[in-house]
Structure formats: C-alpha cells, structure tokens
Amino acid sequence: MTDDWAALSSWRGQLAGRARATPSITIRAPRARAQSSGAGAFLGLADDGRQYWVKVPGNPQGNQVLTNEVIVGEVGRVLGAPVRERVLVTVPPAVSGWTEFPVRYSGFAITAHGSHHVPGAVDDDELRYTKRDDNARRQAAIVGLWDLCLGEDPQWLYETGAAYSMWSYDHGLWFTSGEGDWDEAVLERLVATDGSLPKLPAGVNRERMREVADAIENLTPELLLSVVSEVPVEWGTDDRDLEAMAWFLFARRSPVAKRLRERAQLPSGNETTGSSQ
C-alpha cells in the first residue's frame, strides 16, 4: 500500500467526485477587528451563539492562508493536538457591509474560515507554562504537528480561565518555509525538509511525543484525502495542489515520526525554551 502511494502521480484525480465541505454556520454580527492580523481577521457572533475569529477570501494575505487554516486544523484534530476548533462560516452581505470589513463589500454570501474564540486568553510566541494543566502533553503534540506541517510564525494562546491551558492558532503561514504560496512544485521541493521546532520546553511529555509519532506514521491516504476535502471549492485552490498536499503529508509522515521519536529519547531538560512554570 505504501509503495502504491509513494509517487505523486498516484494521487492524481483522487479528489474527483469527492464531497467538499460547505458552511453550516452563519455570522450574524461583527464584533471587532483583530488588533494585529495581516489577513484582517475579525471577531464575529454566529447563529450558534458562539464567537469566531473570521478570515475571508480576498484578504491581504491571499486565499491560501484559509486553506492552510483548514489543513493544519484538521491534521491537528486527527493527531489530538491542541488546535482551536475550526469551522466554515457563511458571511452574509449585511456583515460584509460593515465599515471595518477587511475586503470590498460583496452583494453575495461569502464562504469564510472561523476559529473558535477563547475568552480571556493571552497570546505568546513561546511555549510556556508547561507544568500547568495538561500542557506537557499538549506541547508534545504540537512538536509533531509543527514538523509535519512545516510550522511558521508561532502563535500560542494560553487560556487564563483554564489553568493557562495552551492552544495553537493562526496557521495561515504554515507550509511555506519562506517559499510564499505553495503549489505542487513547491511541495515537491519541500517534502524532505526538516521542520523541527528548534528547542523543546523542559518537562514536555516524552511518552506523548512517541504516541504522536505513532499517530503521524499511521496517517493513511484516505484520511489525508478527507483532510484536504475540507477545503471548500469557493476558495479556488486547485485540486491538483490539494492532492499534492495530501501526498506531501503522507510522504513526510515516516521521517517526521522518526525525528520525533529520536527527540523523545533526549534527557528531559536537555532542550528548553520559554518558561515551564
């Protein structure tokens, strides 16, 4: 089975006829623009009563940041990593007429990406608070997800109302490694890239790292094709590129798992970054 899927050509046409994701939630009212967001994210209240940080197509960073949000979020969910719950949302014309809306007004409904809001959270670009809540295990899962998906622009949330439980969010710039927007050709160049986090926080759970390594190595073609099928057709990502992304993740799984197991063997505290308090 693995040999059958080793070549990129084996993935061609695999998305044909597959059902693609569509929104099930509608944004009813905008709340506020993000203070710092290259994509112009805004907080919106949805018809399910919850609030989401919304990124819309046509934003200054391009549509691929939305595609990245979907793929990293779905892979993270499969691996049990602490990624924020993500959804596709409909943004109606009444909302796109808001004076602070990040793109030009549209008289049509827009399919956008929503990330569930964490009230009272603080953000940081370092892995901290490893000893609090279940962060030793949560951060171990992030180590695997980061390498597999070529993490970029680290952004972590710490939920102050839940013992500083750690979350990963804003995955729009992952998969790039300085290449800009990815396509089939870029993914072929990057497939062997070592995307390891430079350092681990002291106290990260090594057994959880090994569990995540197993989960990564067990990723199947069917599962990865399901992941990329979550990208809606409205964003214009070519099927060939999405099929290439599924191949890319499949081809990376064994090398990433091997690196993760090797790092799990290092003495605890041999690598450190940020705070473990």
Side-chain angles (χ1 to χ4, degrees), residues 14-34 37 39-59 61-98 100-119 121 145 149 157 159 167-172 174-175 219-220 222-239 241-243 245-246 249:
Q14 293 296 322
L15 287 182
R18 281 183 176 260
R20 299 290 287 275
T22 57
S24 58
I25 294 170
T26 298
I27 299 298
R28 292 303 185 195
R31 293 302 196 206
R33 278 284 292 268
S37 170
F42 69 92
L43 185 64
L45 176 64
D47 59 2
D48 64 353
R50 302 201 294 177
Q51 296 188 91
Y52 297 90
W53 288 101
V54 180
K55 291 181 180 179
V56 300
N59 72 79
Q61 289 184 336
N63 288 8
Q64 197 167 91
V65 299
L66 310 181
T67 297
N68 291 347
E69 292 280 14
V70 169
I71 295 172
V72 177
E74 288 301 302
V75 173
R77 180 183 58 80
V78 169
L79 299 181
V83 291
R84 289 306 298 158
E85 178 186 349
R86 53 151 305 274
V87 294
L88 295 181
V89 299
T90 297
V91 179
V95 173
S96 64
W98 177 44
E100 295 187 56
F101 199 67
V103 300
R104 180 179 298 180
Y105 170 77
S106 172
F108 301 94
I110 298 171
T111 296
H113 184 269
S115 177
H116 189 215
H117 176 55
V118 185
L145 181 66
C149 298
L157 287 177
E159 192 170 357
W167 296 97
S168 177
Y169 80 108
D170 196 356
H171 308 114
W174 290 38
F175 298 117
L219 293 172
T220 65
E222 177 60 31
L223 189 152
L224 292 171
L225 288 166
S226 295
V227 163
V228 298
S229 295
E230 291 297 312
V231 177
V233 295
E234 290 87 345
W235 296 345
T237 307
D238 191 273
D239 278 5
D241 290 337
L242 290 174
E243 291 160 355
M245 174 58 77
L249 293 167

Evaluate Val78 against Leu223 for side-chain contact (heavy atoms from CB on, under 4.5 Å), listing each step before the verdict. CA-CA 9 Å; Val78 169; Leu223 189 152; 3.9 Å; yes
How long is the span from the CG atom in Asp170 to the OG atom in Ser37, to the nearest 0.5 Å? 6.5 Å
Using atom types as modelled and distance alone, determine if a side-chain donor or acceptor of Glu159 lies under 3.5 Å from a backbone N or O of Val118. no
Distance-minimising heavy-atom pair for Pro93 and Tyr105: O-CE1, 3.3 Å
Looking at Asn63 and Trp235, would you say the former's side chain and the latter's main chain have a donor-acceptor pair under 3.5 Å? yes
Run the salt bridge (charged side-chain N to carboxylate O under 4.0 Å, His left out) test against Glu100 and tell me which residues pass, sequence neighbours left out. none
Does any donor atom in the side chain of Ser106 or Ser96 lie under 3.5 Å from an acceptor atom in the other side chain? no
Taking atom CG of Leu225 and atom CG of Leu15, what is their separation to the nearest 0.5 Å? 6.0 Å
dist Leu249:CG -> Ile71:CD1 (nearest 0.5 Å) comes out at 7.0 Å
Side-chain donor-acceptor distances from residues 40-48 under 3.5 Å, at least two apart:
| unit_1 | atom_1 | unit_2 | atom_2 | d |
| --- | --- | --- | --- | --- |
| Asp47 | OD1 | Thr26 | N | 3.2 |
| Asp48 | OD1 | Arg50 | N | 3.0 |
| Asp48 | OD2 | Tyr52 | OH | 2.5 |

According to salt bridge (charged side-chain N to carboxylate O under 4.0 Å, His left out), does anything in residues 61-72 pair up with another residue at least two apart or in another chain? List the pairs. Lys55-Glu69
Close side-chain approach of Val75 to Trp174, heavy-atom, < 4.5 Å: no
Partners passing salt bridge (charged side-chain N to carboxylate O under 4.0 Å, His left out) against Arg86 (at least two apart in sequence or in another chain): Glu74
Would you name the heavy atoms of Ala112 and Val54 that are closest together and state the gap between them? CB-CG1, 3.8 Å
Between the CG atom in Leu66 and the OG1 atom in Thr111, the distance rounded to the nearest 0.5 Å is 10.5 Å
Can you name the nearest heavy-atom pair linking Val95 to Ala29, along with the distance? CG2-N, 4.3 Å
Value rounded to 0.5 Å, distance of CG in Asp239 from CZ in Arg18: 11.0 Å
Tightest non-hydrogen contact, residues Val103 and Pro57, listed as CG1-O, 3.8 Å
So, using side chain to side chain contact (heavy atoms under 4.5 Å, CB included) as the criterion, who are the partners of Ala21 when residues are at least two apart? Leu88, Glu230
Pro102 and Val56: which non-hydrogen atoms are nearest, and at how many Å? CG-CG2, 3.8 Å
Spatial distance of atom CZ (Arg84) from atom CZ (Arg77) [nearest 0.5 Å]: 15.0 Å
Go through the steps for Val231 and Leu242 under the test side-chain contact (heavy atoms from CB on, under 4.5 Å), then give the verdict. CA-CA 9 Å; Val231 177; Leu242 290 174; 4.0 Å; yes
For His171 versus Asn68, what's the shortest heavy-atom pair and its separation? O-CB, 3.4 Å
From the list His117, His113, His116, side chain to side chain donor-acceptor pair (under 3.5 Å) partner of Trp53 resolves to His117
side-chain contact (heavy atoms from CB on, under 4.5 Å) between Ser115 and Trp167: does it pass, once the steps are laid out? CA-CA 12 Å; Ser115 177; Trp167 296 97; over 6 Å; no
Quick one, Phe101 with Ile110, criterion side-chain contact (heavy atoms from CB on, under 4.5 Å). Give me CA distance, side-chain angles, the key distance, then yes/no. CA-CA 12 Å; Phe101 199 67; Ile110 298 171; 4.2 Å; yes
Qualifying residues under side chain to side chain contact (heavy atoms under 4.5 Å, CB included), relative to Val233, sequence neighbours excluded: Arg20
